[in-house]
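In what follows, every heavy atom counts, from backbone to side chain, and hydrogens, waters and symmetry copies are set aside. By convention in this document, chain letters (A, B, ...) are assigned in the order of the sequence lines, proteins followed by strands, and residues within each chain are numbered from 1.
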There are 2 protein chains.
Amino acid sequence: MERQAYDCAAGCPVESTLQFVAGKWKSVILYRLFQEQVGRYSDFERWMPTISARMLARQLRELVADGLLEKKIYAQVPPKTEYRLTAFGRSLWPVISAMEQWGQRYNLGQVKATSTDVLPK
Amino acid sequence: MERQAYDCAAGCPVESTLQFVAGKWKSVILYRLFQEQVGRYSDFERWMPTISARMLARQLRELVADGLLEKKIYAQVPPKTEYRLTAFGRSLWPVISAMEQWGQRYNLGQVKATSTDVLPK
DNA sequence: CAGCTCGCTCACAAAAGTGTTAGTAACTCC
DNA sequence: GGAGTTACTAACACTTTTGTGAGCGAGCTG
């Protein structure tokens, strides 16, 4: 099983949240779906060009298994699938949104900023 | 270097945030410091009993290198060090707090809940 | 009937992350 | 003077995560 095990004896709430969100691409996938409502497999490939097909399929599968996304398969050829957030997935909006805002404010470029770049003195 | 590389061509803000927060234990360390203000090395060992010394030292070092924490070394024997949040680190409060709240609401136990456990119908 | 399409999956290999054990420095207490 | 203290680090092995390349099924298009 390719999943990190967070075992927090005291039931740390931050760790529980991480269980759902901490895959390398998961929060980005969720973020995209918050923006676009629906995404097909090929949409994600376009939105996140550096992800490999293997990872994309796997992260999507885990998100579906966790109940955050739902997957609709159309029985047609060539195949078509759609992913969208479930109500449970949508409940993560505060988390994703906080990440988005922090990233916009403190890290507009993709290169890591240090505190001195951001906070004067 | 033990660091994941997120290269988001479009400069996705969620990915930039992940760069700082996505270590296996980083957000938990930050969370603890938001609660306690100050932490010594041995405090973290007590707060997070399942982390290994190697990981703790490493995650702390990275957080300091990223400018999120500052480290104060007292020149005494036996040695004493204190870690606390910098202003930059404190700017992450909305992210950590959103994680905390989601974890408290939807995942009180440490076992993964599924959507059906949480959302009626 | 060859080729294209889409949404994947599999096997293999490389890379990243993690745990374990041992050890250090230097001062105090017994 | 031997043991205990704190905050680590280094070496090694192991596990987990990730990338790569290949392939598949089934119908539609030329």
Does [X] place a side-chain N or O at less than 4.0 Å from the phosphate oxygens OP1/OP2 of [N]?
{"X": "S52(B)", "N": "dT20(C)", "answer": "no"}
{"X": "R40(A)", "N": "dC6(C)", "answer": "no"}
{"X": "T81(B)", "N": "dT6(D)", "answer": "no"}
{"X": "R58(A)", "N": "dT18(D)", "answer": "no"}

Report the nucleotide, chosen from [options], that has the shortest atom-to-atom distance to any side-chain atom of [X].
{"X": "A57(B)", "options": "dT9(D), dT18(D), dA26(D)", "value": "dT9(D)"}
{"X": "P79(B)", "options": "dA7(D), dC6(C), dC8(D)", "value": "dA7(D)"}
{"X": "R61(B)", "options": "dT5(C), dC8(C), dT9(D)", "value": "dT9(D)"}
{"X": "K71(B)", "options": "dA7(D), dC6(C), dC8(D)", "value": "dC8(D)"}

Rounded interatomic separation in angstrom, taking [atom1] from [X] and [atom2] from [N]:
{"X": "M55(B)", "N": "dA7(D)", "atom1": "CE", "atom2": "P", "value": "19 Å"}
{"X": "L60(A)", "N": "dG7(C)", "atom1": "CG", "atom2": "P", "value": "11 Å"}
{"X": "D43(B)", "N": "dC8(D)", "atom1": "CG", "atom2": "P", "value": "12 Å"}
{"X": "L56(A)", "N": "dG7(C)", "atom1": "CG", "atom2": "P", "value": "10 Å"}
{"X": "M48(B)", "N": "dG19(C)", "atom1": "CE", "atom2": "P", "value": "11 Å"}
{"X": "K80(B)", "N": "dA26(C)", "atom1": "NZ", "atom2": "P", "value": "20 Å"}
{"X": "Q76(A)", "N": "dC28(D)", "atom1": "CD", "atom2": "C1'", "value": "12 Å"}
{"X": "R54(A)", "N": "dT20(D)", "atom1": "CZ", "atom2": "P", "value": "11 Å"}

Looking at [Y], is its backbone amide N or carbonyl O close enough to the side chain of [X] to form a donor-acceptor pair, meaning the two atoms are under 3.5 Å apart?
{"X": "S97(A)", "Y": "P94(A)", "result": "no"}
{"X": "D66(A)", "Y": "L63(A)", "result": "no"}
{"X": "T86(A)", "Y": "L68(A)", "result": "yes"}
{"X": "T17(B)", "Y": "G103(A)", "result": "yes"}

Pair F44(B) and W25(B), ring centroids less than 6.0 Å apart: no
Given DNA chain C, 5'-ward residue of the pair P78(A) and Q59(B), judged by closest heavy atom: P78(A)
Given DNA chain C, 5'-ward residue of the pair V77(A) and I73(A), judged by closest heavy atom: V77(A)
Sugar-phosphate only, base, or nothing, as touched by Y83(B) at under 4.0 Å among non-hydrogen atoms: sugar-phosphate
